[in-house]
Protein chains: 2
Amino acid sequence: MMRRKSVTIRDVAQLAQVSISTVSQVLNGNNQYVGEAKRDRVLAAVQALQYRPNAIARSMVKRRTATVGIMITSVMGNLFIPIVECIQEVLHPLGYNIILASTPDVESEIQAIETLKAQQVDGFIFMSFRSSRSQYRSDHLLHLKEEEIPFVVINRPLEKDYDLNQIQFNEWETGYLATKHLINLGHTSIATIGGPLDHVPPWRSAMERQRGWLEALKEQDLEVVPEWICDGRYSYEGGYKAAQQLLKHWEKEQRRPTAIFVANEHMALGALRAFYYHGVRVPHDIALVTVGDPAYAAHMFPALTTFSHPLKEAGHIATHILLDQLHSSDTLSTSIQNIVLSYQMHIRESCGAIPEPIEFRSNA
Amino acid sequence: MMRRKSVTIRDVAQLAQVSISTVSQVLNGNNQYVGEAKRDRVLAAVQALQYRPNAIARSMVKRRTATVGIMITSVMGNLFIPIVECIQEVLHPLGYNIILASTPDVESEIQAIETLKAQQVDGFIFMSFRSSRSQYRSDHLLHLKEEEIPFVVINRPLEKDYDLNQIQFNEWETGYLATKHLINLGHTSIATIGGPLDHVPPWRSAMERQRGWLEALKEQDLEVVPEWICDGRYSYEGGYKAAQQLLKHWEKEQRRPTAIFVANEHMALGALRAFYYHGVRVPHDIALVTVGDPAYAAHMFPALTTFSHPLKEAGHIATHILLDQLHSSDTLSTSIQNIVLSYQMHIRESCGAIPEPIEFRSNA
DNA sequence: CTGTTAGCGCATTCAT
DNA sequence: ATGAATGCGCTAACAG
């Protein structure tokens with residue numbers, strides 16, 4: 001693969017009639033010891049030759065690449081996009097680059113880490129989300145820590161409470177606040193469709209969101225009806241089936257829930273479909289709050305009342321934690337951070353707080 | 001930033017009691033000239049020291065980095081994710097890495113190109129989608145071509161018909177086939193909500209999709225009612241307003257469309273809301289087909305009949321075109337490819353072809 | 001078959 | 001203030 005012979009620092013030096021070290025000085029801002037005249041000559045030569053220093057060569061001698069590796073899994077769905085954009089937003093002005101690695105399983109993650117270490121990346125941000133049994137191990141992360149390679153982990157279930165820089169979302173709180181919101185709207189019979197509680201390894205968000213729901217109910221001495229706790233497997237189909245079961249149950253009994261907390265947006269879509277085809281209107285017959293706030297949540301009818309992930313915050317904070325480590329002379333001196341971020345509520349139609357359909361201003 | 005002193009090829013050589021070049025030979029598969037015994041010693045030493053060759057150093061001498069830069073804009077929405085995953089799928093087994101750059105505007109794109117060129121990336125894939133007036137220039141792409149740096153462009157509107165490797169989607173065809181599908185279902189009065197036709201620079205997909213709609217109608221000598229051509233600005237709000245106008249119009253006149261082609265999914269959501277609140281049922285009162293197939297399209301009610309972007313194909317083809325260039329000794333010898341891919345239809349409820357609500361198998 | 005050597009492009013002493 | 005020399009870790013050409 002012939003590539004244009006790139007212009008090097010030597011070419012610049014020659015054209016400017018100075019030595020290469022002078023050119024280097026000028027380019028790296030160590031202007032202090034370089035005379036006006038020569039500096040101008042250098043700058044002119046750089047301009048004339050369209051010279052761009054070879055980052056590879058620079059990296060080799062400086063022993064840093066100013067790039068960070070970002071590891072993601074497709075399981076993260078579209079959640080990672082805003083995070084990556086935030087990371088880029090912070091890192092780019094500082095001259096850092098981003099290498100993205102999509103790592104569907106732990107093996108490929110380990111692989112990717114090795115590759116990026118060989119590429120001499122300065123640090124990592126992990127947004128790789130593992131759920132399957134065999135892929136739960138995280139010792140390679142511990143290994144990274146031993147090697148004193150800076151990294152931050154976002155929303156990742158870990159085997160134990162490793163002492164790592166990590167950012168989590170407050171799953172308990174979102175369940176609690178969502179339910180609380182329904183209670184404040186006057187509901188006393190509140191069901192839930194949750195994620196898989198029997199998952200191995202334990203699916204933290206599923207458990208915590210449900211626990212939040214439960215505690216909100218108990219706090220108000222509201223009845224907890226076992227049949228109103230459904231497992232929707234975190235999936236669209238699961239949510240549909242769970243809602244069907246709920247409907248079947250309340251056809252037999254007289255009493256029925258007037259509100260429901262659905263632990264993610266996929267299940268919410270499934271539940272909505274089940275309700276719709278059974279003639280159960282949302283929010284009129286049953287109010288609904290869910291977690292996860294894709295763009296379409298606001299565009300459906302009813303528009304979904306949701307809790308959105310604090311993605312931007314996560315991105316910013318992760319990046320800054322990483323930068324702290326990158327800039328400190330030794331990794332160990334910077335203290336380990338374990339940050340928990342709150343979800344943000346978006347009140348829309350499905351919870352019944354906004355009774356009238358939202359019209360656009362131009363039609364109001 | 002003190003980093004663990006990495007183990008070098010020299011350490012391996014010393015431990016294995018051979019010269020560094022022997023180690024290099026072994027590691028690069030040029031085993032042919034190395035004796036069994038020494039090779040084993042080398043391998044053992046590599047293992048013992050957990051040696052990983054420094055990719056940076058290797059890149060410097062080989063003058064290739066085995067990484068490609070991928071440029072995206074957030075405007076691409078979530079479309080780019082499957083594409084990137086496909087690219088990774090192809091490239092990773094070949095030892096290539098991916099550097100991702102999110103470039104919101106042309107300036108940052110040019111900037112990113114410079115940076116990645118300095119990083120010595122071997123090639124580029126552009127999925128950066130420009131629409132605003134000032135950001136339409138593409139001479140920096142021509143510049144890349146002059147420099148003989150391999151790159152491929154996916155779904156990008158260009159000023160002129162530059163002779164570049166590019167992959168496009170068949171916008172005309174999707175409009176034509178969508179309308180044809182409605183015609184085949186017996187509809188003769190078909191409206192459309194399109195994207196902005198007055199956009200500067202011209203928004204190709206908006207124009208082409210509408211042209212496809214028009215040609216399908218004309219082909220069957222169906223009436224083209226001016227009031228049934230609405231501009232939905234490609235947005236949710238725009239789709240909502242466009243549908244409202246349509247509704248207003250047919251309240252005055254007797255005749256009304258029985259089907260509608262909506263040029264993207266955002267407008268489709270807006271239109272659905274408008275229809276819903278006016279008591280117009282989809283597909284019973286009006287059949288709807290749209291372009292763009294996010295996961296929720298299949299989960300709504302009615303589930304949307306859509307045309308999905310051939311994202312995986314685009315990713316694979318782009319990557320292979322790039323690889324061809326990367327592997328050929330000179331870029332010029334490989335012929336320029338201009339590929340147009342078809343959208344794929346997904347027949348669901350909104351077009352009325354599936355009259356009954358889709359139930360899940362377990363309930364059938 | 002194996003070891004020695006010369007760079008890759010740059011930053012950085014260390015002399016001058 | 002400036003330039004010559006050294007080396008980052010590795011590959012490849014060449015000499016043995």
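Lettering of chains follows the sequences in order, A, B, ..., and the numbering in each one begins at 1.
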Inset, instruction - For D:dG3, take OP1 and OP2 only and decide whether either is under 4.0 Å from a side-chain N or O of A:T22. - result: yes

Inset, instruction - Quickly work out the A:R39 CZ to D:dT2 P distance and round it to whole Å. - result: 11 Å

Inset, instruction - Whole angstrom is fine here: how far is it from CZ in B:R64 over to P in D:dA12? - result: 11 Å

Legend entry - Side-chain heavy atoms of A:Q50 within contact of A:V7, under 4.5 Å: no

Inset, instruction - Can you tell me the distance, in whole Å, between the CG atom of B:L27 and the P atom of D:dA12? - result: 12 Å

Legend entry - Distance in angstrom units between A:I56 CD1 and C:dA11 P, rounded: 13 Å

Polar atom pairs (N or O), protein with nucleotides 5-9 of chain D, under 3.5 Å:
unit_1	atom_1	unit_2	atom_2	d
D:dC8	O3'	A:R63	NH1	2.8
D:dG9	OP1	A:R63	NH1	2.7
D:dG9	OP1	A:R63	NH2	3.0

Legend entry - d(CD, A:Q25; C1', C:dC14) in whole Å: 12 Å

Legend entry - Length of the CG-P vector between A:L49 and C:dC10, whole Å: 12 Å

Legend entry - B:Q325 side chain to B:N165 side chain, donor-acceptor N/O pair below 3.5 angstrom: yes

Inset, instruction - Could you check how far CZ of A:R41 sits from P of D:dA1, rounded to whole Å? - result: 16 Å

Legend entry - Salt-bridge contact B:E147-A:R52 (side-chain N to carboxylate O under 4.0 Å): no

Legend entry - Nearest-neighbour nucleotide for the A:K38 side chain, C:dA11, D:dG3, C:dG3 considered: D:dG3

Inset, instruction - Would you mind reporting whether B:P104 and A:E85 have side-chain heavy atoms less than 4.5 Å apart? - result: no

Legend entry - Donor + acceptor pair across side chains of A:S21, A:S24 (<3.5 Å): no

Inset, instruction - Report the distance from atom CG of A:D11 to atom P of C:dC8, rounded to the nearest whole Å. - result: 11 Å

Legend entry - Aromatic ring pairing B:Y96/B:H327, orientation class (parallel under 30°, perpendicular over 60°, tilted between): tilted

